Amino acid sequence: MNVLIVGSGAREHAIARSIKKSKIPNKLYCFASNRNPGIEAISEILEIGKISDPQTVSSFAEKHSIDLAIIGPEAPLANGIVDALLKINIQCVGPTQDLAQIETSKSFTRDLMKKYTIPGCPQYQTFSDLTNVAEYLKILGENYVVKFDGLMGGKGVKVSGEHIKSHAEAIKYCEQIIAKNGKFVIEEKLIGEEFSLMSFCDGEHLIHMPPVQDHKRAYENDTGPNTGGMGSYNDTNQSLPFLTNSDIDSAKVINIAIAKALKIEFGVCYKGVLYGGFIATIDGIKVIEYNARFGDPEAMNIFSLLQSDFIEICLGITNTTLSEYDVTFSNKATVCKYAVPEGYPDSPIKGELIDISKVENHDQLYFASVDIKEDSLIEAGSRTIAVVGIADTLQEAEAIAESEMMRIEGPLFHRKDIGTNQLINKRICHMKSLRG
Ligand code: AMP
Ligand code: GLY
């Protein structure tokens with residue numbers, strides 16, 4: 001079987017490893033935006049090109065007689081890569097362009113939730129000019145969020161009290177969006193603890209993955225600018241320390257309802273990973289956003305736990321036979337931490353050498369934004385390398401990740417607090433205080 005992975009970050013490195021572990025013999029091809037040495041080492045070909053251009057990717061896929069394509073990042077999905085590949089009979093793990101709107105359009109997702117009365121939708125309104133904006137902000141009071149209605153890598157969202165301090169500032173941000181002919185959503189600010197619950201989805205049936213908590217802020221104690229995610233963890237027994245089983249069940253119910261609504265809305269099955277970004281609040285589980293792909297870094301936690309054959313799962317997705325599979329995950333705790341370039345995310349340095357030779361377990365190292373220059377590893381300007389600790393307790397998993405991280409040399413930084421008792425207790429206390 002010829003398998004294509006589109007994308008070349010740590011998430012795609014994790015996907016690539018799980019493909020090579022499959023009992024189904026396969027050849028791996030990668031269409032990449034940078035030269036990831038981890039993926040390159042296990043691929044027939046890693047070709048660098050415009051991963052978001054459906055035509056370029058389908059030509060590459062056709063040339064190499066690809067049987068199955070797995071789409072890592074959102075930008076190719078937004079541009080209709082799956083529609084292009086399906087046209088030439090290549091089955092895909094990833095939704096078509098219409099269905100990918102669950103990630104690419106904030107207003108689409110909120111409208112879908114409203115239309116199908118899916119639980120967990122905050123109060124919201126969509127705007128394309130300033131009419132009624134001030135009035136709506138007044139209704140929401142101090143707790144509001146302004147979201148650019150499109151892909152911005154998490155950077156299009158401004159939260160009151162964090163990124164914007166007054167209605168006047170909020171309106172200024174709305175004006176910036178309007179000046180670019182953009183639409184925006186203003187919604188109620190939800191207060192609680194965020195988590196990700198991803199499900200494999202064949203359009204009819206969903207298999208849920210364990211919940212994971214990501215850390216969006218660049219610096220320790222959840223301070224600093226938003227990033228793609230600095231690290232993530234899950235506790236033993238497929239849980240998170242601040243969630244109840246009933247919280248996790250609510251998130252699963254919402255993912256199922258979203259997949260069903262998408263099928264009714266478009267008459268097409270959602271095939272791929274449905275990623276619910278949730279927040280546990282005093283009023284129960286609410287939806288922050290949806291993504292149409294694996295989370296990054298969440299994928300590194302999930303693939304560290306997945307015990308079943310990933311190609312079989314992919315075939316279950318593409319053939320709409322997921323209900324026939326018994327997918328299992330280990331009960332271990334995992335902690336994933338990212339090393340990122342100095343200056344990340346606002347002004348990351350680039351091109352500097354990094355040295356990983358002292359790392360003990362290279363199997364738990366995932367390459368992301370790196371390149372090779374004269375046989376040496378260099379930083380390519382975004383999240384650089386991820387390390388995962390896997391153990392019987394969160395404390396041990398954190399200690400493993402942290403000690404390996406300290407063995408990576410170069411002008412990088414990481415968040416030491418991810419997965420530590422101190423930060424986890426803060427989450428537990430926050431949830432307890434909300435729930436009384
Ligand atoms: P998004 O791109 O929608 O995931 O938003 C990025 C980040 O903004 C989320 O991870 C949250 O931390 C925050 N956020 C988004 N929507 C809300 C909301 N309604 N209430 C509170 N925080 C939010
Ligand atoms: N970890 C957040 C994301 O993948 O969007």
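Just follow the structure's listing: the first ligand is 1, and inside any ligand the first atom is 1. All residue numbers in this chain count up from 1 along the given sequence. What you see below is based on every heavy atom in this structure, not just the backbone, and it leaves out hydrogens, waters and symmetry mates. Predicted model, so just to flag it, every value in this text is computed and none were measured.
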Think Lys189 forms a cation-pi with Tyr144, using NZ or CZ under 6.0 Å from the six-ring centre and within 45 degrees of its axis? no
Tell me whether Lys337 is salt-bridged to Asp417, with the criterion being a basic N under 4.0 Å from an acidic carboxylate O. no
Closest to atom 13 (C) of ligand 1 by heavy-atom distance, out of Val159, Val145, Asn291, Thr109, is Val159
Rounded to the nearest 0.5 Å, how far does CZ of Phe242 lie from CD of Glu194? 9.0 Å
Proximal ligand 2 atoms for Gly228, defined as those under 4.0 Å from one of its heavy atoms: 1 (N), 2 (C)
Smallest separation among heavy atoms of Ile19 and Leu28, with atom names: CG2-CD1, 3.8 Å
Aromatic rings Phe200 and Phe294: how do their planes relate, parallel, tilted or perpendicular, breaks at 30° and 60°? perpendicular
Kindly compute the distance separating OH (Tyr366) from CG (Asp296), expressed to the nearest 0.5 Å. 11.5 Å
Which ligand 1 atoms does Lys189 reach within 4.0 Å, using its non-hydrogen atoms? 20 (N), 21 (C)
Rounded to the nearest 0.5 Å, how far apart are OH of Tyr275 and CG of Leu197? 10.5 Å
Within the 4.0 Å heavy-atom shell around Lys106, which atoms of ligand 1 are there? 1 (P), 2 (O), 3 (O)
Enter the distance from Leu434:CG to Ile282:CD1 here, rounded to the nearest 0.5 Å. 6.5 Å
Atoms in ligand 2 flagged as close to Arg293, the criterion being non-hydrogen separation under 4.0 Å: 3 (C), 4 (O), 5 (O)
Numbering the atoms of ligand 2 from 1, which are under 4.0 Å from a heavy atom of Asp214? 1 (N), 2 (C)
Does ligand 2 come near enough to Glu289 that some N or O of the ligand is less than 3.5 Å from an N or O of the residue? no
Consider every N or O of Asn226 and every N or O of ligand 1, then say whether any pair is closer than 3.5 Å. no
Any idea which atoms of ligand 2 are less than 4.0 Å away from a heavy-atom of Gly295? 4 (O)
With Glu187, which of Lys286, Lys114, Arg110, Lys158 fulfils salt bridge (Lys or Arg N to Asp or Glu O under 4.0 Å)? Arg110
Quick note on ligand 2: atoms under 4.0 Å from a heavy atom of Asn291 include exactly 5 (O)
May I ask you to list the atoms of ligand 1 that are less than 4.0 angstrom from any heavy atom of Lys147? 3 (O), 15 (C), 16 (N)
Would one find an N or O of Arg110, backbone or side chain, under 3.5 Å from an N or O of ligand 1? no
Atoms of ligand 1 close to Glu188 [distance to a heavy atom under 4.0 angstrom, numbered from 1]: 18 (C), 19 (N), 20 (N)
Proximal atoms of ligand 2 relative to Tyr275 (non-hydrogen, under 4.0 Å): 1 (N), 2 (C), 3 (C)
